[in-house]
Amino acid sequence: MKYWLMKSEPAAFGIDDLAARPRRTAEWDGVRNFQARNMLRDDFRKGDRAFFYHSGCAVPGIAGVVEVVREGYPDDTALDPKHADPRWFAVDVRLLRKLERVITLQELRSHATGALRDLAILRRGNRLSITPLSKKEWDFILSLA
DNA sequence: GCCAACGTTGGC
DNA sequence: GCCAACGTTGGC
């Protein structure tokens with residue numbers, strides 16, 4: 001099983017929007033970055049876990065845990081008829097757990113020289129909307145909840 | 001292939 | 001609203 005962190009702006013799609021969906025399941029689409037695309041297309045597996053991260057908001061941080069329930073498939077929001085091969089990919093995720101409180105970026109950052117020293121979103125200038133985590137990082141962050 | 005201009009992300 | 005960081009675009 002692999003572990004991921006997926007960013008979304010709650011004003012566009014937040015954890016409560018996912019909770020309101022039938023079967024608490026939604027397509028994770030709209031990713032328009034080649035690195036992130038490659039991970040969605042090639043590396044995401046059914047059963048993988050991901051943190052749902054709220055970005056671009058008053059309190060950025062991890063809001064919940066989701067499970068990958070459908071592996072990479074062409075993103076219908078970006079089908080380009082000129083290309084035989086789809087350019088962008090989506091996955092489906094299901095909400096497993098909304099955290100009682102958001103684990104804030106500030107709190108994550110307080111461990112930036114310790115257990116989370118290699119966490120991708122803490123690296124300067126990182127804007128990638130999908131990043132992998134190690135199991136150690138995953139377990140440590142969950143222990144903060 | 002270089003690089004300036006521009007657009008986007010995302011924290012503050 | 002500001003700005004740093006980064007990706008993309010397009011002229012050359």
Side-chain angles (χ1 to χ4, degrees), chain A residues 2-21 24-45 48-145:
Chain A
K2 290 190 290 297
Y3 301 94
W4 308 95
L5 183 146
M6 306 169 84
K7 295 181 191 172
S8 182
E9 298 187 19
F13 186 79
I15 196 155
D16 290 330
D17 296 305
L18 180 57
R21 292 295 186 92
R24 290 152 67 96
T25 298
E27 56 283 3
W28 199 279
D29 55 20
V31 173
R32 300 292 183 270
N33 171 284
F34 287 106
Q35 260 183 284
R37 185 281 309 271
N38 292 346
M39 290 189 275
L40 289 175
R41 186 189 59 191
D42 304 331
D43 301 330
F44 269 61
R45 290 291 173 265
D48 285 357
R49 300 294 155 91
F51 286 132
F52 193 130
Y53 179 92
H54 282 172
S55 66
C57 56
V59 185
I62 292 169
V65 177
V66 303
E67 174 188 15
V68 176
V69 293
R70 184 181 175 192
E71 298 179 7
Y73 61 93
D75 182 346
D76 285 336
T77 67
L79 282 186
D80 184 344
K82 292 195 299 292
H83 292 269
D85 296 323
R87 176 163 305 190
W88 303 114
F89 282 73
V91 299
D92 287 356
V93 299
R94 182 169 63 90
L95 181 63
L96 290 182
R97 176 183 174 193
K98 180 184 173 181
L99 299 181
E100 292 73 26
R101 64 179 188 90
V102 171
I103 301 173
T104 65
L105 177 62
Q106 188 182 6
E107 183 173 358
L108 296 174
R109 191 162 274 147
S110 74
H111 301 283
T113 58
L116 301 181
R117 82 189 74 85
D118 295 323
L119 194 68
I121 60 160
L122 298 183
R123 284 205 288 267
R124 195 156 145 270
N126 170 68
R127 299 183 313 162
L128 204 55
S129 66
I130 292 177
T131 50
L133 291 81
S134 70
K135 175 160 174 49
K136 273 190 174 177
E137 290 166 333
W138 177 270
D139 290 341
F140 179 82
I141 290 171
L142 268 188
S143 77
L144 300 173

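The chains referred to below are lettered A, B, ... by the order of the sequence lines, with proteins before strands, and numbering in each begins at 1.
- Among residues two or more places apart in sequence or in another chain, the ring-ring contact (aromatic ring centres under 6.0 Å, His included) test is passed with A/W138 by A/Y3, A/F51.
- Listed by first and then second residue, the side chain to side chain donor-acceptor pair (under 3.5 Å) pairs that reach into residues 121-134 of chain A are A/S134-A/E137, sequence neighbours excluded.
- Partners of A/D139 under the salt bridge (charged side-chain N to carboxylate O under 4.0 Å, His left out) rule, at least two apart in sequence or in another chain, are A/K135.
- A/F34 pairs by the ring-ring contact (aromatic ring centres under 6.0 Å, His included) definition with A/W88, not counting sequence neighbours.
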Using residues 11-18 of chain A as the side-chain source, report each donor-acceptor pair under 3.5 Å to any protein atom, sequence neighbours left out, with the distance given to one decimal.
| residue | atom | partner | partner atom | Å |
| --- | --- | --- | --- | --- |
| A/D16 | OD1 | A/K98 | NZ | 2.9 |
| A/D17 | OD2 | A/G14 | N | 2.8 |

What donor-acceptor contacts under 3.5 angstrom involve side-chain atoms of residues 58-71 of chain A, with partners at least two apart or in another chain?
| residue | atom | partner | partner atom | Å |
| --- | --- | --- | --- | --- |
| A/E67 | OE1 | A/R94 | NH2 | 2.6 |
| A/E71 | OE2 | A/K46 | N | 3.0 |

In residues 99-106 of chain A, what donor-acceptor pairs under 3.5 Å come from side-chain atoms, sequence neighbours left out?
| residue | atom | partner | partner atom | Å |
| --- | --- | --- | --- | --- |
| A/R101 | NH1 | A/E107 | OE1 | 3.1 |
| A/R101 | NH2 | A/E107 | OE1 | 3.3 |
| A/R101 | NH2 | A/E107 | OE2 | 3.4 |
| A/R101 | NH2 | A/L144 | O | 2.7 |
| A/T104 | OG1 | A/E107 | N | 3.0 |

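- Of all nucleotides in DNA chain C, those with any atom nearer than 4.0 Å to a heavy atom of chain A start and finish, going 5' to 3', at C/dA5 to C/dT8.
- Residues from residues 101-120 of chain A placing a heavy atom under 4.0 Å of any atom in DNA chain B, listed by number, are A/L105, A/R109.
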